[in-house]
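Just so we're on the same page: letters track the sequence lines, and every chain starts at 1.
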Amino acid sequence: MLPPTTPPADTSDLLARCQQIAGLSLGELATLAGIQIPPDFKRHKGWTGLLIETWLGASAGSKPTQDFPELGIELKTIPINATGEPLETTYACYAPLLIPPGTNWENCNVRNKLANVLWMPVEGERAIPVAQRRIAMPVLWTPTAQQDAALRQDWEEITEMIVLGEVERITARHGKVMQLRPKAADGSVLTDAFGPEGEKIKTRPRGFYLRKTFTGQILRDAFAN
DNA sequence: TCCTGATCATAA
DNA sequence: TTATGATCAGGA
């Protein structure tokens with residue numbers, strides 16, 4: 001078995017590829033793809049995501065679009081424990097701090113990113129050697145009306161603060177299901193934002209993240225019944 | 001123990 | 001510099 005060389009033709013093709021790798025270990029998939037296996041993720045934080053991308057035929061690169069543009073689907077690998085609960089929050093997307101006029105929940109990037117997400121849960125407990133961690137069953141998710149409303153509420157609260165020049169007051173405690181946190185190589189990276197008096201300020205770049213309680217519910221719902 | 005803020009690697 | 005892929009790790 002080798003990784004695909006073309007993008008999936010359609011959604012069922014994509015799901016078929018997921019089924020092919022479900023149950024396999026990261027070590028098996030990496031070896032088959034000719035990819036080196038790191039001892040841990042201290043210096044390889046996105047390794048699992050990139051490995052799964054190659055096995056599903058996602059277009060590489062760091063474009064602010066979905067992983068499967070023609071299918072309108074975003075891929076997210078998510079580390080889980082033995083109970084199937086998320087071990088980490090999920091990065092959604094980069095958060096613009098100079099928000100163009102006319103931006104609203106309906107047309108914002110984060111909603112577009114989360115409209116259709118293919119969740120690929122992967123065993124992530126640090127006690128399990130990287131090579132032995134297995135891929136779980138995929139979950140193709142679209143927010144319910146309730147979930148969309150919850151995301152919208154958090155987005156509007158956070159975005160309003162950004163627009164009002166209060167980005168420095170936003171902490172990870174804001175937002176019931178989605179939060180804003182630093183997203184950069186380190187604390188020295190700065191980008192433009194607005195301050196309280198409408199002046200330009202420099203601040204750490206931020207990203208939107210989904211809380212574990214939220215993603216945990218998505219996974220639980222998918223396997224309920 | 002868990003969460004927030006910090007951090008690591010890479011591409012264009 | 002922006003943006004992708006995320007996980008790390010120490011203080012609350």
Side-chain angles (χ1 to χ4, degrees), chain A residues 3 7 26 29-30 33 35-69 73-83 85-100 103 108-110 112-114 117-131 133 135 154 158 161-162 167-193 200-216:
Chain A
L26 296 181
L29 292 175
I35 295 171
Q36 289 291 314
I37 304 164
D40 55 53
F41 294 150
K42 285 184 176 68
R43 294 185 171 276
H44 302 271
K45 297 185 179 183
W47 187 82
T48 305
L50 297 178
L51 178 66
I52 302 301
E53 277 188 2
T54 73
W55 275 99
L56 298 183
S59 41
S62 57
K63 301 177 290 294
T65 61
Q66 286 119 336
D67 295 292
F68 302 99
I73 293 175
E74 173 72 11
L75 172 67
K76 292 291 180 193
T77 59
I78 183 168
I80 57 172
N81 64 17
T83 318
E85 292 161 318
L87 290 166
E88 294 285 349
T89 55
T90 298
Y91 170 66
C93 64
Y94 203 74
L97 301 181
L98 299 176
I99 301 173
T103 302
C108 75
N109 186 238
V110 59
N112 181 247
K113 275 293 183 73
L114 299 179
V117 177
L118 176 63
W119 298 96
M120 288 297 280
V122 179
E123 290 179 329
E125 284 170 312
R126 294 186 202 182
I128 308 174
V130 167
R133 299 181 191 177
I135 312 296
D154 290 343
I158 292 167
M161 291 184 73
I162 294 173
V167 63
E168 298 285 33
R169 291 187 50 239
I170 303 173
T171 74
R173 289 157 202 99
H174 288 85
K176 292 185 177 66
V177 301
M178 185 168 68
Q179 58 188 172
L180 194 76
R181 303 219 307 272
K183 174 67 167 138
D186 59 65
S188 72
V189 180
L190 296 175
T191 191
D192 290 327
K200 277 276 179 63
I201 62 169
K202 288 286 186 181
T203 189
R204 293 166 1 265
R206 314 298 164 93
F208 285 107
Y209 294 78
L210 300 177
R211 292 188 182 279
K212 291 195 289 181
T213 47
F214 187 70
T215 54

Q. Would you say a side-chain N or O of A:R211 is under 4.0 Å from OP1 or OP2 of B:dC3?
A. no

Q. Can you give the first and last nucleotides of DNA chain C, 5' to 3', that have an atom under 4.0 Å from a heavy atom of chain A?
A. C:dT2 to C:dA9

**Q.** Interatomic distance where CD belongs to A:E168 and C1' belongs to B:dG5 [whole Å]
**A.** 13 Å

Q. How close or far is atom P of B:dT10 from atom CG of A:L50, stated in whole angstroms?
A. 10 Å

Q: Determine the contact category for A:E74: base if any of its heavy atoms lies under 4.0 Å from a base atom, sugar-phosphate if only primed atoms, P, OP1 or OP2 are that close, otherwise nothing.
A: sugar-phosphate

(Q) Categorize A:G49 for me: base, sugar-phosphate, or nothing, with a 4.0 angstrom heavy-atom threshold over every strand shown. (A) sugar-phosphate

**Q.** Check: A:T48/A:R133 side-chain N/O donor and acceptor closer than 3.5 Å
**A.** no

Q) Is any side-chain heavy atom of A:E168 closer than 4.5 Å to a side-chain heavy atom of A:T203? A) yes

Q: Look at all strands and tell whether A:D67 reaches a base, only sugar-phosphate, or nothing, counting heavy atoms closer than 4.0 Å.
A: sugar-phosphate

Q. What integer distance in Å separates A:R206:CZ from B:dT4:P?
A. 14 Å

Q: Determine whether any donor atom in the side chain of A:K42 lies under 3.5 Å from an acceptor atom in the base of B:dT7, or the reverse, and answer yes or no.
A: no

**Q.** Heavy-atom pair of closest approach, residues A:V167 and A:R206
**A.** O-NH1, 3.6 Å

Q) Can you check the A:L180 CG to B:dA6 P distance for me, whole Å? A) 13 Å

Q) Just how far, in rounded Å, is P of B:dT10 from CD of A:E53? A) 15 Å

Q: Quick one: pull up CD1 in A:I80 and CH2 in A:W119 and give me the separation to the nearest 0.5 Å.
A: 12.5 Å

Q: Grab the two heavy atoms, one from A:Y91 and one from A:Y209, that are nearest each other, plus how far apart they are.
A: CA-CD2, 3.6 Å

Q) For A:R211 and A:G175, which heavy atoms make the closest approach, and how far apart are they? A) NE-O, 2.8 Å

Q) B:dC8 P sits how many Å from A:K183 NZ, rounded? A) 13 Å

Q: Using a 4.0 Å heavy-atom cut-off across all strands, classify A:T90 as base, sugar-phosphate, or nothing.
A: nothing

Q. When all nucleic acid strands are considered with a 4.0 Å heavy-atom cut-off, which category describes A:T48: base, sugar-phosphate, or nothing?
A. nothing

Q) For A:F208 and B:dT4, what is the distance between atoms CZ and C1' respectively, to the nearest whole Å? A) 17 Å

Q: Would you indicate what A:F41 reaches in the nucleic acid, counting non-hydrogen atoms under 4.0 angstrom: base, sugar-phosphate, or nothing?
A: sugar-phosphate

Q: For residues A:A58 and A:F68, report the shortest heavy-atom separation together with the two atoms involved.
A: CA-CE2, 3.5 Å

Q. Want to settle it: does A:T65 or A:R43 sit nearer the 5' end of DNA chain C, counting the closest nucleotide to each?
A. A:T65

Q | Nearest-Å distance for atom pair CD1/P, residues A:I35 and B:dT10 | A | 13 Å

Q: Would you classify A:P182 as touching base, sugar-phosphate or nothing, given that sugar-phosphate means primed atoms plus P, OP1 and OP2, and contacts are heavy atoms under 4.0 Å?
A: base

Q) For the side chain of A:R181, counting heavy atoms from C-beta on, which of B:dC3, B:dT4, B:dT7 is nearest? A) B:dT4

Q | Touch class at under 4.0 angstrom, heavy-atom based, for A:P79 against every strand present | A | sugar-phosphate

Q | From CA spacing to verdict: side-chain contact (heavy atoms from CB on, under 4.5 Å), A:I73, A:Q66 | A | CA-CA 6 Å; A:I73 293 175; A:Q66 286 119 336; 5.9 Å; no

